[in-house]
Amino acid sequence: MRHWLFKSEPDTWSWDQQCARGALGEEWVGVRNYQARNLMRAMAVGDLGFFYHTQSDKAVVGIVEIMAPAHPDSTAPGGVWDCVDLRAVRALPRPVTLAAIKACAELADMPLVKSPRLSVQPVTDVQWAIICKMGGLD
DNA sequence: GCCAACGTTGGC
DNA sequence: GCCAACGTTGGC
């Protein structure tokens, strides 16, 4: 299983809103970046991802699961853009802030640190484990 | 609110 | 196909 990270502006689509969708999940629409789209195309059902809040929070706040593989984004006419479907799995007991991630030498290579504008990012198994632990999960 | 970084666009 | 200009993003 591979791991990912999804960025969202809480004013646009928040973790609370994602949780409110429950098992129904939600289509991760709106991605208009080829690199991010290609990453979504590489995702498999059952893969897990971090849910990251930009803006004031700037923290990983929860874990989501890919429910459906990449399929055309209905909000983008033309069929160029794809989205995946995500459901909330659980919140992190303690959100892991960007400041905490930057303070950890082992996380210095994360796109979150190096390419903060990429809206969908890959996460290595090691990075996943470290952030889960920092977030209060075993 | 500012600014740096990045992706996209369009003229040549 | 190159590159300057522009718009957008996100951290500070």
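Numbered from 1 within each chain, the chains take letters A, B, ... in sequence-line order. As a basis for the values below, the full set of heavy atoms in this structure was taken, side chains included, without hydrogen atoms, waters or symmetry mates.
The CG-C1' distance, from A:Asp57 to C:dG10, rounds to 14 Å in whole Å. For the pair A:His53 NE2 and C:dT9 C1', the computed distance is 17 Å after rounding to whole Å. Nucleotide C:dT8 holds its P atom 19 Å from the CG atom of A:Leu118, rounded to whole Å. Remark: C1' of B:dT8 and CH2 of A:Trp81 are 10 Å apart, rounded to the nearest angstrom. A:Gln121 places its CD atom 12 Å from the C1' atom of C:dG10, with the value rounded to the nearest Å. Put simply, NZ on A:Lys58 is 12 Å from P on C:dG10, counting in whole angstrom units. Distance, A:Leu98 CG to C:dG10 P: 12 Å, rounded to whole Å. The separation between A:Lys114 atom NZ and C:dG10 atom P is 19 Å, rounded to whole Å.
In terms of hydrophobic clustering, with Ile, Leu, Val, Met, Phe, Trp and Tyr side chains grouped at heavy-atom distances under 4.5 Å, A:Leu48 and A:Leu86 are assigned to different clusters.
Between A:Trp128 and A:Phe50, the ring-plane angle classifies as parallel under the 30° and 60° cut-offs.
Less than 4.0 Å separates DNA chain C from at least one heavy atom of each of the following residues of residues 5-15 of chain A: A:Lys7, A:Glu9.
Under 4.0 angstrom from either OP1 or OP2 of B:dC6 there lies no side-chain N or O belonging to A:Tyr34.
A side-chain contact (heavy atoms from CB on, under 4.5 Å) with A:Val120 is found for one member of A:Lys7, A:Gln35, A:Arg37, A:Met43 and no other, namely A:Met43.
In this structure, a donor-acceptor pair under 3.5 Å is present between the side chains of A:Trp13 and A:Gln18. In the model, A:Thr75 has a side-chain atom that pairs as donor or acceptor with a side-chain atom of A:Asp73 under 3.5 Å.
Annotation: side chain of A:Ile130 is in contact with side chain of A:Cys104 (closest heavy-atom distance under 4.5 Å).
Comparing C:dC12, C:dG10, B:dC6 by their closest approach to the side chain of A:Thr54 singles out C:dG10.
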